[in-house]
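As structure tokens, the structure follows; a few thoughts come after it.
Here the structure is a predicted model, which means the values were calculated and not measured.
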Amino acid sequence: MKNLEIAGVFEHLADVIEIKGGEPFRVNAYRRAARVLGDLPEDVADIATEGRLTDIKGIGKGTARKIEEYLETGDVSAYRKEMRDVPEGLLELLGVPGLGPKTIGLLWKELDVRSIKTLRRELRRGSIPSLPGMGEKKAANIAAGVQAYLSRSGRSTLGSILPPATALLEGVRALDAVLEADLAGSVRRGRSTIGDIDILASSRRPGDVVSRFTKLADVEEVLASGGTKASVRIAGSVQVDLRVVEPSSYGAALLYFTGSKDHNVHLRGLAQSRGARLNEYGLTKRDRTLASRTEEAVYHKLGLDFIPPELREDRGEVEAAAESRLPELIEESDIRGDLHLHTNWSDGLSSVEDMARAAKARGYAYLAITDHSRSLGVANGLSVERLAEQREEIESVRRRVRGIRILAGTEVDILSDGTIDFPDEELEKLDIVVASIHTGFTQSEDRITGRIVSACENPNVDIIAHPTGGLLESREPYAVDLERVMEAAAETGTALEINSHPDRLDLSDVNARRAVATGVALAINTDSHHTDQLGSMGLGVVTARRGWVGPENVLNTLTTARLMKRLGRS
DNA sequence: GCCGTTTTCGGCCCGACTGTTTTCAGTCG
């Protein structure tokens, strides 16, 4: 699937036009096209073949032609033409905080800056302050930006950012001038990776709140601080933005500060078409405020149903809200059990009994013990004999821990040659079988896809775990044709997992949405290796919500009886 | 370059903060 590749070309095209000082609306159009392509749940090549490219909002005739050109030749001549006189390294400079297209264009033309390297040269020479519109402070700012860029650690995972974000939110809520405060931005939308933490607060004395915020113990560096907002850096070099508004505009501000940017732009366009204006202070029409206190009121006055934060990505949610056809999203309370858990029989740290008691304490009706299979030596995978012994232990724990159904299962390896690590007669003895890939990551797309498809076709396999094998910010997924996998899963009734482990969140939001659209059932599991990790279920649920997933799409929302029936065991 | 329950041409989201300026441009979200 070339969607992301082509999106990258348009992103670069937008960058280069921007640096050259081209028409901003053209830049925007290419950026939008890039984003839309990146979010597309279908293979763009298929859409092109069917001549439906211009049906996609944001893709017009010009962009469609360029997409077709790329699919045919692997190149876009317009992009090549724009890049002819532009040094490649110049585009990278857009990643430097505080450095935008205008400044980059200026540095390029006046000082022949063409990369991070030549920029640092000019910073050392001290030639930047003498340029028009520049000064000592700007030069120092750029130098700091270059440092931050070179030492950047990429985005943080949602799971790693939630604890410090929540702690900081509590710190803000504890300030006496603060009336209300909430997390906003991509944290509130539940994106799997986070660039920075956004916090909104309401107060009648915004200036006080801002100045006290910048003095909180967690704050390591103040990047900017004004009368209503501040940016700081906390430990781990995570940036935190605080915005403070009057209580009367809290809803409009929360909406604005939650984003996404594209969602906001869409809403503002909608407001405009109704002769109104939307900003962080409210929805207004001819100086009259129509709504501002709550998000619900703003959506309502725009003629929309309330849109949950997880859906606010401009992926069709505004149109759906206008026609009252937003899906009813799954909630964590819908989850009745966890179907992928490890114990100290393989590479987990907790016992079967501890896991059962912890799951029961969470109010679950069932849990599945699914330790690794024999070939996964590094994880102390179970032999056929030990698997049988484990079933005996599970039987004895069932007698001690009542009120929760303990399923005996396995996370069986789909081996490199495509076979399943346990013979069918062993799998048949189990209540549930989770299958997954842990080896042969570098195989061709065709082979890996074939391995997973054949696992789906095994009638004993109930769930495919972490279907793409990716780790957020650290390991690319293996090459897999998810379209073929989803078709096989739909046909065979095999569920695909949304793995809630903080480093995985696999399937992703977009892929979960594709799965639902293809008629595939999902399972949201934690893959816990310790009782402490059962709580990451919330991350998987948020990811599912971002994928427009409802409770009816998820296996482990079923009652115990229905689940057992569905698994073909009773 | 894209788009259309006001439009096939004329629009295209909006405001805070900073630093360079004597009223604004650039950047960011």
Side-chain angles (χ1 to χ4, degrees), chain A residues 10 13-14 17-19 21-36 53-67 78 82 93-107 128-142 144-145 184-186 189 195-200 206-207 210 214 222-232 239-245 249 252-253 255-284 302-303 314 322:
Chain A
F10 286 125
L13 187 54
I17 295 171
E18 197 171 27
I19 289 172
E23 177 61 38
F25 298 113
R26 256 180 88 213
V27 174
N28 255 337
Y30 283 128
R31 284 212 203 289
R32 182 173 180 201
R35 184 180 59 77
V36 167
L53 283 175
T54 52
D55 291 353
I56 305 169
K57 268 204 165 157
I59 309 283
K61 270 191 195 161
T63 315
R65 258 200 301 274
K66 292 182 181 70
I67 294 171
E82 289 286 358
L93 294 182
L94 282 168
V96 175
L99 208 49
K102 303 285 184 199
T103 313
I104 293 169
L106 180 75
L107 294 170
I128 292 176
S130 58
L131 295 176
M134 304 300 276
E136 291 294 343
K137 283 197 175 174
K138 280 231 169 144
N141 241 342
I142 294 171
S186 50
R189 300 202 310 280
D196 58 22
I197 298 171
D198 297 305
I199 300 177
L200 176 72
V210 170
T214 59
V222 179
L223 303 169
S225 172
T228 65
K229 63 189 270 191
S231 294
V232 302
Q239 184 174 325
V240 184
D241 295 334
L242 173 77
R243 181 72 188 269
V244 189
V245 298
S249 7
L255 186 61
Y256 153 78
F257 216 34
T258 297
S260 68
K261 191 180 164 187
D262 297 303
H263 180 81
N264 287 349
V265 167
H266 199 147
L267 292 188
R268 283 171 173 168
L270 203 60
Q272 213 170 38
S273 71
R274 297 170 162 239
R277 291 157 58 85
L278 178 62
N279 57 29
E280 59 262 57
Y281 302 111
L283 178 68
T284 55
L302 286 170
D314 197 24

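The side chain of A:Arg31 contributes no N or O atom lying less than 4.0 Å from OP1 or OP2 of B:dG1.
Across all strands shown, B:dC24 is found opposite B:dG19 as a Watson-Crick or G-U wobble partner, with both distances under 3.5 Å.
Scored by the salt bridge (Lys or Arg N to Asp or Glu O under 4.0 Å) test, A:Lys57 finds A:Glu319 as partners (sequence neighbours excluded). For the side-chain contact (heavy atoms from CB on, under 4.5 Å) test, residues two or more places apart in sequence or in another chain that qualify with A:Thr284 are A:Arg277, A:Thr289. For A:Tyr256, there are no ring pair (Phe, Tyr, Trp, His ring centres under 6.0 Å) partners two or more places apart in sequence or in a different chain.
Across all strands, A:Gly185 comes closer than 4.0 Å to no nucleic acid atom at all (heavy-atom distances). Note on A:Ser225: only backbone sugar-phosphate atoms sit closer than 4.0 angstrom, heavy atoms only; bases stay farther off. Among the atoms of the strands shown, only primed sugar atoms or phosphate atoms (P, OP1, OP2) are found under 4.0 Å from some heavy atom of A:Asn279. Residue contacts for A:Tyr30: at a heavy-atom cut-off of 4.0 Å it reaches the sugar-phosphate backbone alone, with no base atom in range.
Nearest nucleotide to the A:Asn141 side chain, out of B:dG19, B:dG15, B:dC12: B:dG19. Across B:dA16, B:dC2, B:dC13, the shortest atom-to-atom separation from the side chain of A:Thr63 is found for B:dC2.
In this structure, the side chains of A:Ile19 and A:Leu93 stay at 4.5 Å or more apart for every pair of heavy atoms.
Side chain of A:Ser186 to backbone of A:Arg189: no donor-acceptor contact under 3.5 angstrom is found.
Separating the CG atom of A:Asp314 from the P atom of B:dC2 is a distance of 16 Å, rounded to the nearest angstrom.
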Hey, what are the protein-to-nucleotides 3-5 of chain B N/O distances that come in under 3.5 Å?
from: B:dC3; atom 1: OP1; to: A:Gly58; atom 2: N; distance (Å): 2.5

Polar atom pairs between nucleotides 22-29 of chain B and protein, under 3.5 Å, N or O only, would you list them?
from: B:dG26; atom 1: O3'; to: A:Thr103; atom 2: OG1; distance (Å): 3.1
from: B:dT27; atom 1: OP1; to: A:Gly100; atom 2: N; distance (Å): 2.7
from: B:dT27; atom 1: OP1; to: A:Gly100; atom 2: O; distance (Å): 3.0
from: B:dT27; atom 1: OP1; to: A:Thr103; atom 2: N; distance (Å): 3.1
from: B:dT27; atom 1: OP1; to: A:Thr103; atom 2: OG1; distance (Å): 2.4
from: B:dT27; atom 1: OP2; to: A:Lys102; atom 2: N; distance (Å): 3.2
from: B:dC28; atom 1: OP1; to: A:Gly98; atom 2: N; distance (Å): 2.4
from: B:dG29; atom 1: N2; to: A:Tyr256; atom 2: OH; distance (Å): 3.4

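In terms of position on DNA chain B, the residue among A:Gly227 and A:Val265 whose nearest nucleotide sits closer to the 5' end is A:Val265. Nearer the 5' end of DNA chain B, as judged by each residue's closest nucleotide, is the contact made by A:Ala276, out of A:Ala276 and A:Ala230.
Identified under the salt bridge (Lys or Arg N to Asp or Glu O under 4.0 Å) test for residues 21-36 of chain A, with sequence neighbours left out: A:Glu11-A:Arg31, A:Asp15-A:Arg31, A:Glu18-A:Arg31, A:Arg26-A:Glu82, A:Arg35-A:Asp39, A:Arg35-A:Asp262, A:Arg35-A:Asp314.
In this structure, A:Tyr30 OH and A:Leu13 CG are separated by 5.0 Å, a value rounded to the nearest 0.5 Å.
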